[in-house]
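Reading through the C-alpha cells given below for one structure.
All values below come from the heavy atoms of this structure, side chains included, with hydrogens, waters and symmetry mates left out.
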Amino acid sequence: MTARALLIKITCGAEAAERANQAWTVAAMGVTAGASVSVWLTGEAVWFAVPGRQPDLDLPYATPVAELIEAVRLGGSITVCTQCAARRELVVQDLVESATIQGAASFVEAALADNVQALVY
C-alpha cells in the first residue's frame with residue numbers, strides 16, 4: 001500500500017505560533033514517516049521560507065521551527081503563494097534552497113490529486 005501524499009497549507013506566522021508550529025511538526029513527522037510532503041505557505045507564513053527572516057516561535061517543549069523547516073526542505077517541498085510573495089516583494093531567489101513560488105491553481109491541482117491528504121493550518 002502506498003502512503004498518501006500530505007499537502008499542508010500554513011496560513012499563519014508568529015502571530016499564531018502554536019498553530020504554525022503544529023503545522024511544521026506534522027509536516028516534519030510526515031517526512032519521517034515516509035510520506036510525500038508538500039508545504040504551501042500563504043500570508044505571514046511566507047517568512048518561514050526566507051532565510052534570516054524565519055520567525056522564532058520560541059515555544060516551550062517544541063522543536064525549534066528552523067529544524068522542522070529544514071527537515072521538510074530536505075525531505076519534501078516548500079511552496080510560497082504567488083500573490084503573497086509579490087505583496088512582500090519576494091522572488092524565488094529570496095527563498096530557502098529548493099522552495100518555489102506557485103499560484104492557487106497549482107495548489108488546487110495538488111489537493112485534488114489521487115491519494116492526497118490536505119490539511120490547512
Taking all non-hydrogen atoms of both residues into account, name the closest pair between Pro51 and Leu95 and its distance. CD-C, 3.8 Å

Compute whether any side-chain donor of one residue and acceptor of the other, for Ser77 and Ser38, lie under 3.5 angstrom apart. yes

With sequence neighbours left out, write down each residue that passes side chain to side chain donor-acceptor pair (under 3.5 Å) with Gln102, or none if nothing qualifies. Thr100, Ser106

Evaluate whether atom [atom1] of [X] has more than 12 neighbouring non-hydrogen atoms of other residues, nucleotides or ligands under 6.0 angstrom away.
X	atom1	value
Glu18	CD	no
Arg53	CZ	no
Glu97	CD	no

Taking C-beta and beyond as the side chain, do [X] and [Y] meet within less than 4.5 Å on heavy atoms?
X	Y	answer
Glu44	Cys12	no
Leu57	Phe48	yes
Val65	Asp56	no
Thr11	Arg19	yes
Thr79	Leu41	no
Ile10	Val39	yes
Gln117	Leu7	no
Leu90	Trp47	yes

Residues pairing under ring pair (Phe, Tyr, Trp, His ring centres under 6.0 Å) where one sits in residues 70-121, two or more places apart or in two chains, turn out to be Trp40-Phe107

Does anything in residues 49-73 pair up under ring pair (Phe, Tyr, Trp, His ring centres under 6.0 Å), and if so which pairs, sequence neighbours excluded? none

Does one hydrophobic cluster hold both Ile101 and Val108, with members joined at side-chain heavy-atom distances below 4.5 Å? no

Roughly how far, to the nearest 0.5 Å, is [atom2] of [Y] from [atom1] of [X]?
X	Y	atom1	atom2	value
Glu67	Thr25	CD	OG1	10.5 Å
Leu119	Leu6	CG	CG	5.5 Å
Arg87	Cys81	CZ	SG	6.0 Å
Gln54	Ile69	CD	CD1	4.0 Å

Do any N or O atoms from the side chain of Ser36 and from the backbone of Ala5 form a donor-acceptor pair under 3.5 angstrom? no

Test Val72 against Ile8 for side-chain contact (heavy atoms from CB on, under 4.5 Å), laying out the working first. CA-CA 11 Å; Val72 173; Ile8 298 175; over 6 Å; no

